[in-house]
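Taking it in order: structure first as structure tokens, then the write-up.
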Amino acid sequence: MTSNKRKFSLLLSAIVLAVAISASGFSNELSAQTTPLNSFKPGEIWPDDNGVHINAHGGGFLYHDGKYYWFGEHKGERSNAAFVGVTCYSSVDLYNWKYEGVALAVSDDPESPIVRGCVIERPKVIYNEKTGKFVMYFHLELRGQGYTAAHSGRAVSDNVTGPYTFLGAGRVNAGVWPANLPEAGRTATITPADVRSGTPAWRAAIANGLYIRRDFEGGQMARDQTVFVDDDGKAYHIYASEENYTLHIAELTDDYLNYTGKYIFVAPGGHNEAPAIFKKDGTYFMITSGCTGWEPNAARLLTAPDIWGPWTLHPNPCVGEGADLTFHSQGTFILPVQGKKDAFIFMADRWRPRNPIDGRYVWLPIFFENGLPVLKWFDEWDLSIFDKTDTL
Ligand code: GAL
């Protein structure tokens, strides 16, 4: 072989190898960029426009001006703490997501509550029609303090993708009683030390304000959370409070930047986390999880004719294999699909606490049976599922 021929054959082999590698999916980036996605594959790697697995865990979603925005926790390989902040992605079709960057960045200032290394979870963004501002709520735990702070954080921006300015964080509704706590619950003197947890007496004491009284002055705890804007523009913050034993629903001020002081406690002692809510035909539906940390458990369903209750508990909305573990995931949001009637997507996280960046997303369509939501597993599905009536 002449040296020119040898060079040519080497070049040819290199090209063949490169094509083979990209076709095999080895080079994620290449294959992802050239192949638009047209379905959801719950639990699988989900490449963004750069071919990188979407890094937006515990996500919140907003539809604004023809685009969906996905906000979530940026996670690294070893720690669940926030070393980057809240990321943002955008999409027009819900399958293909463009990375928009860091919407809320952690701070380098050691005095800041959102200093690098704190815990930022379950960010949710809502748009205020009156002020034209985007408001972000998130669960904040202070650096080095585990999960003891139980703070709610707020940030605001003029642009949907950010940057968001941190406004502050803290416990919620200090010095205010929930609207549904009777007078007796405000004046009782029993404390958590007086009752054995898990007993009927303890449950009754929680329903009578056991933890609300304890935290009355400093403000109520706020961990797993979501924010909901109702048809009339009023917004509500829903969060796991009282040591995660009880959910609170708190009304926000007209600019969404603060609390009006009106709030209720829901399912006292019910141990509900991961609240996700939607409204259909005047009924409020909330899907929550139990409390087992990063491990999945069975989802719960609550409904109410009014945001202020009464809230009724129903059986697990999941059916089929994996239903008792919410298909190995924990809810984070329920998204109404634009342009389709009664089309809602249940969005959940499959946490990987030992390699958090590898956490997966489980999105499933919500069906209705006898007026109640039903969730079943699909290996793969697309939005046309909402046009079919015989899917269950
Ligand atoms: C889960 C919660 C997550 C995270 C985790 C920490 O129950 O839903 O958002 O806080 O606990 O263990």
Side-chain angles (χ1 to χ4, degrees), residues 54-61 70-87 104 106 113-114 117-125 136-153 169 171-172 220-228 237-248 266-267 269-277 286-302 316 318 324-334 346-363:
I54 292 171
N55 196 338
H57 309 267
F61 294 76
W70 177 347
F71 300 86
E73 308 160 19
H74 176 279
K75 290 198 184 278
E77 281 167 7
R78 267 180 289 277
S79 163
N80 278 288
F83 290 96
V84 172
V86 175
T87 48
L104 174 70
V106 293
I114 60 163
C118 68
V119 169
I120 293 178
E121 289 183 343
R122 299 181 176 273
K124 308 284 179 276
V125 172
M136 180 189 291
Y137 278 76
F138 55 93
H139 166 204
L140 174 73
E141 294 294 346
L142 303 175
R143 185 169 74 176
Q145 297 187 22
Y147 276 76
T148 55
H151 283 179
S152 169
R171 295 260 174 117
V172 176
Q220 303 298 321
M221 302 173 90
R223 293 205 183 103
D224 280 13
Q225 61 116 46
T226 194
V227 192
F228 175 69
H237 186 203
I238 304 169
Y239 48 93
S241 194
E242 305 179 38
E243 305 288 353
N244 296 345
Y245 293 133
T246 302
L247 286 171
H248 286 193
V266 173
H271 240 158
N272 287 286
E273 279 196 328
I277 185 171
M286 187 148 65
I287 297 179
T288 66
S289 75
C291 264
T292 50
W294 301 115
E295 297 301 322
N297 53 55
R300 292 98 176 270
L301 172 67
L302 295 135
N316 181 356
C318 302
D324 54 343
L325 293 178
T326 319
F327 312 108
H328 298 270
S329 68
Q330 185 183 31
T332 184
F333 202 81
I334 295 170
F346 173 72
M347 300 159 150
D349 292 278
R350 191 171 281 177
W351 306 112
R352 293 265 157 93
R354 272 174 292 280
N355 185 13
I357 196 172
D358 192 36
R360 305 299 172 87
Y361 310 102
V362 171
W363 289 16

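Whatever order the structure lists ligands and atoms in, that order sets their numbers, starting from 1.
- A salt bridge does not link R223 to E121: none of the charged side-chain nitrogens sits closer than 4.0 Å to a carboxylate oxygen.
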Please test N55 against K75 for side chain to side chain donor-acceptor pair (under 3.5 Å), starting from the C-alpha separation and ending with a verdict.
CA-CA 7 Å; N55 196 338; K75 290 198 184 278; over 6 Å; no

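- Put simply, the residue from H237, H248, H139, R122 that forms a side-chain hydrogen bond (donor to acceptor under 3.5 Å, both in side chains) with Q225 is H237.
- Taking the six-membered ring where the residue is Trp, F61 and F333 present tilted rings, their angle falling between 30° and 60°.
- Taking the six-membered ring for Trp and thresholds of 30 and 60 degrees, W351 and W294 have ring planes more than 60 degrees apart, a perpendicular arrangement.
- Side-chain atoms of S241 never come within 3.5 Å of backbone atoms of T246 as a donor-acceptor pair (strictly under, hydrogens ignored).
- Within 4.0 Å of ligand 1, the residues that place a heavy atom are E121, R122, Y147, D224, E273, G293, W294, Q330, listed by chain and number.
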